[in-house]
There are 2 protein chains.
Amino acid sequence: MGCDENNCRNMKRNLTYLSQQHAAELDQDLFNDYKFSVDQLMELAGLSVATAVAKVFPASSYNSTLIVCGPGNNGGDGLVAARHMTGFGYSVAVYYPKRTPKPLYENLLCQCEKFGVKIIETLPPINEIKDQYKLVVDALFGFSFKPPVRDVLKPALDALIHSGVPVCSVDIPSGWDVEKGPGTEAALKPELLISLSAPKQCAKPEFIGDAKHYLGGRFLPPGIIQKYNLTLPPYPDQEQVVEL
Amino acid sequence: MGCDENNCRNMKRNLTYLSQQHAAELDQDLFNDYKFSVDQLMELAGLSVATAVAKVFPASSYNSTLIVCGPGNNGGDGLVAARHMTGFGYSVAVYYPKRTPKPLYENLLCQCEKFGVKIIETLPPINEIKDQYKLVVDALFGFSFKPPVRDVLKPALDALIHSGVPVCSVDIPSGWDVEKGPGTEAALKPELLISLSAPKQCAKPEFIGDAKHYLGGRFLPPGIIQKYNLTLPPYPDQEQVVEL
């Protein structure tokens, strides 16, 4: 996959990068106008996250993975990705400090456990994370994020930033402004970003630098692409992700 | 994909082929013990159907497809496949003569319509089907099927059998005994069978002959594989289907 350097630069320049408000509206449209259930879209989103991770950091070299899940849909995508990653050959642990008391999330967690995902109740000390895990998936905050970070989630964000383990961020690098990007030098620097449905403004090349960037969540109806005037690359064949 | 001829024959001989009762029990286990929603599994099943169809009958040569959907979960898989196939480049029509009055099915149908699937209310005369469609997907009956075929669905089954257009069957070739296969010479002869989760007994090589055979529905937990003592081939990489 991928593209040659010139084409690639042109493609990225012309891509649509959504504002926070448009991302939220588009999401609501999928549920209200297109009658998708959260279950459906989260399944496809999480599958695409697992797929992109496996393409960039194959299980053969990055077997042991920690997935840090937040309380919202981003965390749910992480739970689905965790399950699919067990099928792709990874040994997966999930840290999910603030759980969402909804049946869907409880069921996703149950599925994780029964697929052999280890649910850890406390994070290892930051300097020991890299002894236990070769890869971290950041499913902490998504496109709804507004600062400040809640106290209960600060240790998780610190671990993502300081562990020294490669980080794959789901949709938004956690802690970043959804539109203005990392903001400070101290922000998280993921090695891989998987944008879901369409990139958000913080995924522009000037913000993500040389991080690998994939698009997943192959479920946008033509009416949405038209309504939001989206310019997105085609997915190859029956792939669930495309490299940007 | 595929395998060399000897390996292939050995692999198929050793595969598990489920009885109708075990197929039903396994399905219930996924919902009761593993807390999957129908939405989740139908999404993955339908995606795998669309993927297998696109691998065997690419949209570039088989653009115009008719999907015949029955009233149960098999029909739901067909509705999901229809939506994904529009994304894979097909022009898709759905014939869905006996609709299930449940929100999930109504929503799947709504999604189909909004993705550009044409919902047809009457079948063309059998001898005209091949003028309009290059491929038919049979999502009429699944592993719960017990004869006789209801009158309202007979014309759909007749069309599948007699249209002269290549047929891709979802899980079970419609009208077949789930365990004993086609039964009569007059039965449906699909060119492609996509078994979901695990093949059923009617998918044995002596029944399906030289039809292409894929396995999809990549969602079986290790506990189910153990409980039913399933021997199934591994899925390659992040693929949603594997050729048997």
Side-chain angles (χ1 to χ4, degrees), chain A residues 29-55 58-60 80 83-89 103-117 216 218-225 234-241, chain B residues 29-55 58-60 80 83-89 103-117 216 218-225 234-241:
Chain A
D29 287 351
L30 290 171
F31 299 123
N32 297 336
D33 298 346
Y34 294 87
K35 307 294 178 197
F36 278 110
S37 66
V38 181
D39 302 41
Q40 284 181 283
L41 297 190
M42 203 169 265
E43 195 60 40
L44 294 175
L47 174 61
S48 69
V49 168
T51 302
V53 169
K55 284 181 186 289
S60 50
V80 173
R83 166 164 42 84
H84 285 290
M85 284 178 69
T86 66
F88 298 163
L104 171 59
Y105 290 81
E106 290 161 2
N107 292 342
L108 291 176
L109 194 63
C110 165
Q111 290 153 30
C112 276
E113 287 177 315
K114 299 215 168 186
F115 275 74
V117 173
R218 186 176 183 172
F219 47 62
L220 285 189
I224 288 274
I225 290 170
Y235 287 88
D237 301 325
Q238 299 86 45
E239 293 277 350
Q240 292 304 299
V241 295
Chain B
D29 287 351
L30 290 171
F31 299 123
N32 297 335
D33 300 345
Y34 295 86
K35 307 294 178 196
F36 279 110
S37 66
V38 181
D39 302 41
Q40 284 180 285
L41 297 190
M42 204 170 264
E43 195 60 40
L44 294 175
L47 174 61
S48 70
V49 168
T51 302
V53 169
K55 284 180 187 290
S60 50
V80 173
R83 166 164 42 84
H84 286 289
M85 284 177 69
T86 64
F88 298 163
L104 171 59
Y105 290 81
E106 289 162 2
N107 292 342
L108 291 175
L109 194 63
C110 166
Q111 290 153 30
C112 277
E113 286 176 318
K114 298 213 167 186
F115 275 74
V117 173
R218 186 177 182 173
F219 47 63
L220 285 189
I224 289 274
I225 290 170
Y235 287 88
D237 301 325
Q238 299 86 45
E239 293 276 350
Q240 291 304 299
V241 295

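Here is the naming used below: chain letters follow the sequence lines, and residue numbers restart at 1 for every chain.
With a 4.5 angstrom heavy-atom cutoff, B:I224 does not touch chain A via any of its atoms. Only the backbone of B:F219 has a heavy atom closer than 4.5 Å to any heavy atom of chain A. Neither the backbone nor the side chain of B:L104 comes within contact range of chain A, judged by heavy atoms closer than 4.5 Å. With a 4.5 Å cut-off on non-hydrogen atoms, A:D237 touches chain B through its backbone but not through its side chain.
Residues B:C110 and A:D33 share a closest heavy-atom pair of SG-O, 4.1 Å. Heavy-atom minimum distance, A:K114 versus B:P221: O-CB, 4.5 Å.
Counting heavy-atom pairs closer than 4.5 Å to chain B, the top-ranked of the candidates A:E43, A:E106, A:Q111 is A:Q111.
Between the CZ atom in A:F36 and the CG atom in B:L108 there is a gap of 9.0 Å [rounded to 0.5 Å].
Side-chain contact between A:F88 and B:R218 is present, with at least one heavy-atom pair separated by less than 4.5 Å. When side chains are defined from C-beta on, B:L44 counts as touching A:H84, because their heavy atoms get closer than 4.5 Å. Between B:L47 and A:Q240 the shortest side-chain heavy-atom distance falls below 4.5 Å. Counting heavy atoms from C-beta on, the side chains of B:Q40 and A:Q40 never come closer than 4.5 Å.
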